[in-house]
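The structure under discussion appears below in the form of C-alpha cells.
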Amino acid sequence: MRHWILGVAVAAHAFAQTHPEAVAGRKIFESQCALCHGQTGGGGRGPALNRPKLDRAPDDDALRKLISEGSGDMPGAWQLHADEVVAVAAYVRTLGALPQEVVPGDAARGAGVYRARGCAGCHLIAGQGEGFGPELSAVGARRSAAFIRQTILKPASTLPDGFQYVAATPRSGAAIRGIRVNEDSFTIQLRDASGRYHSLRKSELKDLHRLEGETPMPSYERQIVGADLDDLVAYLAGLKGTP
Amino acid sequence: MKWLALSLLFCVPTWCQVPFERIVNAAREPGNWLTYSGNFQGHRFSPLSQITPANIGDLKVKWAYQMETRAEVSPIVVDGVMYVTGPNTAAALDVRTGRELWTWKRPIPKDYQNIGFGRVNRGPAVLGDQVFVATLDCYLVALDAKSGLERWSAKVEDYKPGYSMTLAPLAIRDKVLVGVSGGETGIRGFVDAYDAKSGSRAWRFYTIPGRGEPGNETWPGDSWKTGGGSTWVTGSYDPETNLVYWGIGNPGPDWNPDSRRGDNLYTCSLVALDGDTGKLKWHFQFTPNDSHDWDATHVPVLFEAEIRGARRKLVAVANRNAFYYVLDRTSGEFIAGRPYSKQTWAKGLDDRGRPIVIANTEPSEAGTLVWPNLNGATVWFSPSYSPQEGLLYVATREIASIYFKRKAEYKPGTFFAGGGEMEPPGGAESGAIRALAAATGEMRWEFKMHSAPWAGVLSTAGGLVFSGSDEGNFFALDAKTGKPLWDFQTGGRIAANPISFNIDGKQSVAIAAGRVLYVFGL
C-alpha cells in the first residue's frame with residue numbers, strides 16, 4: 001500500500017514540476033484539502049480526486065468555482081485568492097492525469113461475492129437492492145479502492161457522517177438502534193434495520209448516545225478474505241455510475 | 001399628547017411620532033419595540049409578562065410574512081405598525097395581520113461585491129416620523145414613516161473598496177449612527193453620525209487613528225491605512241451621559257499579523273464616544289494584535305450592579321474571543337473577566353483585562369489548532385440581559401479551527417486576509433445558550449444545543465428566554481433554570497434576533513427564520 005502511495009507521489013511530483021501553477025497548488029492542497037481528499041487525492045472523508053473526470057467539475061471553470069464556493073459538506077475555500085484557486089485547480093487536474101491505480105482482482109467474480117454475501121440487503125446498485133446503507137452505484141467514482149477495502153474490513157473506521165449509528169431509549173420502551181437521519185436540539189429521526197422511521201422528541205428519551213465504533217454494517221474482516229476480497233474490491237471500484 | 005393616548009387606546013395603526021424621549025423611556029411602553037435592542041442599553045429584554053412558563057404551551061403562529069432573501073431582521077414596532085428590512089429593502093406591515101402598508105427598494109449596483117459576509121440587513125431604526133435604513137452599497141436612507149417614500153439618502157462611503165452596511169442604524173437624540181462592514185478588504189473603519197432631519201454628516205470617528213493621533217503608534221509604518229476596524233454591529237447608548245458604546249472589528253490582514261506588529265488600536269475594542277461630537281472618551285481592547293478574526297462587534301450591554309459594596313455603572317461584553325468582560329462604563333476600567341466558552345489561546349486575563357497569550361497559538365503556514373474558531377464564542381447576534389434575574393444570556397458556539405497564515409497583498413475591493421481557517425476533520429461542534437451572572441460572568445446554567453447557534457436571545461419579564469437554532473427550532477427556556485419549555489420548527493435556519501411587542505394589548509414574539517418572519521402569540 002505504502003509503495004503505491006509513494007509511487008503516485010513521485011509521479012505527481014514529476015508531473016507537477018512541469019506545471020508551475022500546479023506546484024504552488026500542491027502546497028495548498030496538501031495543507032488544506034488533503035485532510036478530506038487524501039494526501040494524493042485518494043479520497044477519505046471527501047471523494048477521490050485522482051480521476052480524469054470529476055463529475056461535479058466537468059471543466060476548469062466549474063472546478064475553480066467548486067474550490068472557492070464549496071458544495072454540500074465541502075466548505076468553500078473563500079480565503080484563497082483567485083490565482084491560488086487556479087493553482088489548486090491545476091494541481092487537482094494533475095492528480096487526474098496520473099495513471100489510474102491498478103486494482104488487483106476479478107471484477108466479474110467480485111459481483112458474485114457481492115451477491116453471495118447478501119450486500120444487496122442493505123445497499124442499492126443501479127436500482128437493485130435495498131437503500132438502507134449508502135448507494136453503491138458510483139462508489140468507484142467517489143472512493144479509492146483502498147477506501148473501499150478499508151470499509152469492508154473495518155466499516156466503523158469510514159462511517160460517513162450521514163450514517164451515524166445511534167441508540168435512543170424512550171422513557172417507556174425498549175432502546176431503538178438506527179441510523180441517524182436527522183437531528184436538532186429537540187428531536188431526532190432514526191431509521192432502524194427494517195427501514196422503519198422513528199420520530200423521537202429528545203425530552204421523551206431517557207438516553208441517547210452514539211454507538212461509537214459500531215456500524216449497522218458488520219465487519220467482514222474474517223468472512224471475506226484473500227481472492228474473494230480482492231475480487232469484491234475490484235467489482236466495487238469499477239462501479240462508476242451512469243455517465 | 002392626548003391624540004397619541006387616544007390612538008393607542010383604539011389600537012389603530014397611526015403614524016405616530018417617535019421623539020427621542022419615547023425611546024429613552026421605552027420600558028414604559030413595552031407593547032412597542034422602538035429601537036434595535038428594545039432599549040438604548042442593549043438589553044433585548046421585554047418588560048411584557050403575559051407569556052409565562054405556565055402558558056407558553058399555548059403559543060401559536062399568528063401570522064407569517066415572507067421575504068425575498070434570507071432574513072436577519074430585528075423588526076421595530078411602533079403603535080400598530082411593524083417596520084422590517086432586507087438587503088436594500090424595507091416594508092411597513094400591519095402588526096395585526098402582517099399585511100404590507102408600504103414597501104421600499106433601492107437597486108444593488110451590479111458591481112457591488114460582498115466580501116466576507118452575506119447580503120443581509122439586520123433592521124431599521126426610527127426617530128421622529130422617519131424610518132432609517134442602511135444599505136449594502138453604503139447609503140443611509142431616511143424614509144417617511146407614513147408612506148415609505150425617501151426623504152433623503154446620504155452616501156456614507158464608496159462601496160467599491162469594500163465598505164458596506166448590513167446593520168440596523170442607531171437613532172439617538174437628533175442623530176442617526178451607523179457603522180461599516182468590510183474588515184476583510186483592508187478598509188479604514190469608522191462610526192458615523194448623521195443629522196436625522198437633513199442627512200448631513202454630524203461626525204465621523206475613525207476606529208484606526210491617523211498619523212499623529214494617539215493610538216497610531218500601535219501600527220508600524222503605513223499598516224494603519226488598511227487597518228480594518230469595521231463597526232458592523234449596532235451599538236448601545238447611555239442617554240444620561242450622552243455616551244455611545246460601539247464594538248470594533250478585527251485588524252487586517254486578518255490572519256497575518258506580521259506587517260502590523262503592535263496592539264493595533266482600536267481594533268477588537270469597545271469604545272465610548274461622545275454622542276454630540278464622536279470624540280473618544282475611552283477605549284478597552286479585548287484582543288491586541290488579533291490574528292484570529294475575533295471582531296469585538298457585539299451589542300454592548302449597559303447595566304448596574306454592586307461591585308465590592310458600591311453600586312457601579314457597568315458595561316458587559318461576551319466577546320468573540322471566548323472571554324466575558326465587565327467594565328466600568330464611565331471610565332473603561334476593567335472590573336472582571338473570565339472565559340465563558342472553551343478557549344486555548346490565553347492563560348487568562350491580567351488585572352487590567354489584557355489577555356495573557358499562550359505561545360504558538362497564532363496562525364501558521366502548516367496550520368495551528370485553536371479554540372475557538374474565527375467566528376468565536378459568539379458573533380454579531382444579540383445577547384440578552386434580564387434586570388429581573390441579573391443574568392446575561394448569550395448564544396455560545398464551541399468550534400475549534402486550524403488557522404492558516406499566508407501572505408497578504410492589498411488590492412482595493414479584494415479579500416485582504418492573509419490566510420484562513422479550516423475545521424478539523426471529525427471536529428466536534430456544539431453550542432449552548434448560557435446564562436451568566438452579569439456582574440461576574442459565572443455560568444448559572446446552560447442549555448446545550450445540537451449545533452453552534454447563529455441567532456440572538458430575547459428575555460422577558462414573564463420569565464422566558466427565546467432563541468433559535470440552525471436547524472430551524474425557535475424555542476423558549478425558563479429564564480431562571482434554562483429548562484426547555486417550548487419549541488417550534490420554523491423550517492428555516494434562524495439567523496436573527498427575536499423581539500416582543502403587543503398586538504391589541506396581547507403579547508407577541510417575532511423571529512425571522514429562513515425567509516419567513518413568524519409572529520407568535522397566545
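Being a predicted model, the structure only gives us computed values, none of them experimental. Numbers restart at 1 for each chain; the letters A, B, ... are given by sequence-line order, proteins then strands.
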Original post:
Under a 4.5 Å heavy-atom cutoff, which of B:A366, B:G419, B:A417 has the most pairs with chain A?
Top reply: B:G419

Subject >> More than 12 heavy atoms from other groups under 6.0 Å of CG on B:D111 >> reply: yes

Original post:
By number, which residues in residues 190-210 of chain A have some heavy atom less than 4.5 Å away from chain B?
Top reply: A:R201, A:K202

Original post:
Going by residue number, which parts of residues 474-488 of chain B are within reach of chain A, meaning a heavy-atom gap below 4.5 Å?
Top reply: B:F475, B:P484, B:D487

Subject >> Sorted by number, residues from residues 170-182 of chain A in contact with chain B (heavy atoms, under 4.5 Å) >> reply: A:R180

Original post:
Between B:Q489 and A:D184, is a side chain to side chain contact (heavy atoms under 4.5 Å, CB included) present by the stated rule, with each step listed?
Top reply: CA-CA 10 Å; B:Q489 178 51 252; A:D184 60 55; 3.8 Å; yes

**OP:** Can you check whether anything in residues 395-408 of chain B gets within less than 4.5 Å of chain A, heavy-atom wise, and list it by number?
**Re:** B:I402, B:F404, B:R406, B:K407

Original post:
How close do A:E183 and B:E471 get, heavy atom to heavy atom, and via which atoms?
Top reply: O-CG, 3.7 Å

Subject >> Segment of A:E30 engaging chain B (4.5 angstrom heavy-atom cut-off) >> reply: neither

Original post:
With a cut-off of 6.0 Å (strictly less than), are more than 12 heavy atoms of other residues, nucleotides or ligands near CZ of B:R119?
Top reply: yes

Subject >> Part of B:M449 lying under 4.5 Å from any heavy atom of chain A >> reply: both

